[in-house]
S.K.: 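Take this structure first; my questions come after.
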Amino acid sequence: MVYQRLDKLDKQILRLIAEDARIPFLEVARACNVSGAAIHQRIQKLTQWGILKGSQFVIDPEKIGYETCAYIGLNLRNPERFDEVVEALKKIPEVVECHYTTGDFDMFIKIYALNNHHLLNIIHDKLQPLGLARSETIISFNSAIDRQLPIVDIPVVDDDDDNE
């Protein structure tokens with residue numbers, strides 16, 4: 001994996017937009033004491049590097065009726081079918097995350113369901129047919145911490161390094 005070298009301005013921009021993705025570029029420019037064009041160029045650079053992956057509104061699942069959040073560890077009968085299973089999981093709208101993992105599970109997914117009965121139907125009707133050897137479901141009561149990665153200890157390029 002290639003890590004991009006960020007300077008102090010990049011880090012300051014990331015900190016500001018992580019707090020509020022809707023902050024106007026001119027406001028970021030003022031806070032950073034640079035031009036709006038400079039901010040626009042930096043945002044483009046950070047996006048091209050894949051550091052910024054767009055912006056979006058975050059929907060609160062509970063406010064639209066999805067009262068059950070569950071994490072499910074999956075063990076596949078045939079682990080060589082990982083790619084097929086991931087493609088099938090992408091077609092299940094309630095699955096919002098999927099991770100390859102070490103430890104007891106081949107994969108770990110996060111699901112939102114309307115209620116426990118809906119969760120049971122998803123597991124029985126949509127997950128079991130994917131060829132699971134076993135699964136383990138953990139229901140989340142509440143998210144105690146839900147945040148972006150803080151922009152604090154990212155290595156920064158010194159201005160002197162840029163001139164070498």
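Note that this is a predicted model, so its numbers are computed, not measured.
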S.K.: Are there over 12 heavy-atom neighbours, none belonging to D146, within less than 6.0 Å of that residue's CG?
M.R.: no
S.K.: Does one hydrophobic cluster hold both I109 and I92, with members joined at side-chain heavy-atom distances below 4.5 Å?
M.R.: yes
S.K.: Would you say E62 has more than 12 foreign heavy atoms packed within less than 6.0 Å of its CD?
M.R.: no
S.K.: So, are R5 and D10 salt-bridged, with charged N and O less than 4.0 Å apart?
M.R.: no
S.K.: Hey, are the side chains of W49 and L6 touching, using non-hydrogen atoms and a 4.5 Å cut-off?
M.R.: yes
S.K.: Which atom pair, heavy atoms only, marks the closest approach of Y100 to V86?
M.R.: OH-CG2, 3.4 Å
S.K.: Crowded around I59 CD1? As in, over 12 foreign heavy atoms under 6.0 Å?
M.R.: no
S.K.: Decide whether N115 and T68 meet the rule of one side-chain donor and one side-chain acceptor closer than 3.5 Å.
M.R.: no
S.K.: Between CG of D7 and CD1 of I13, what distance do you get to the nearest 0.5 Å?
M.R.: 8.0 Å
S.K.: Kindly compute the distance separating CD1 (I122) from OG1 (T137), expressed to the nearest 0.5 Å.
M.R.: 10.5 Å
S.K.: Side chains of Q44 and H40: does their closest heavy-atom pair fall under 4.5 Å?
M.R.: yes
S.K.: Identify whether the distance between the nearest side-chain nitrogen and carboxylate oxygen of R81 and E84 falls below 4.0 Å.
M.R.: yes
S.K.: Taking atom CG of N33 as the centre, report whether more than 12 heavy atoms of other residues, nucleotides or ligands fall under 6.0 Å from it.
M.R.: no
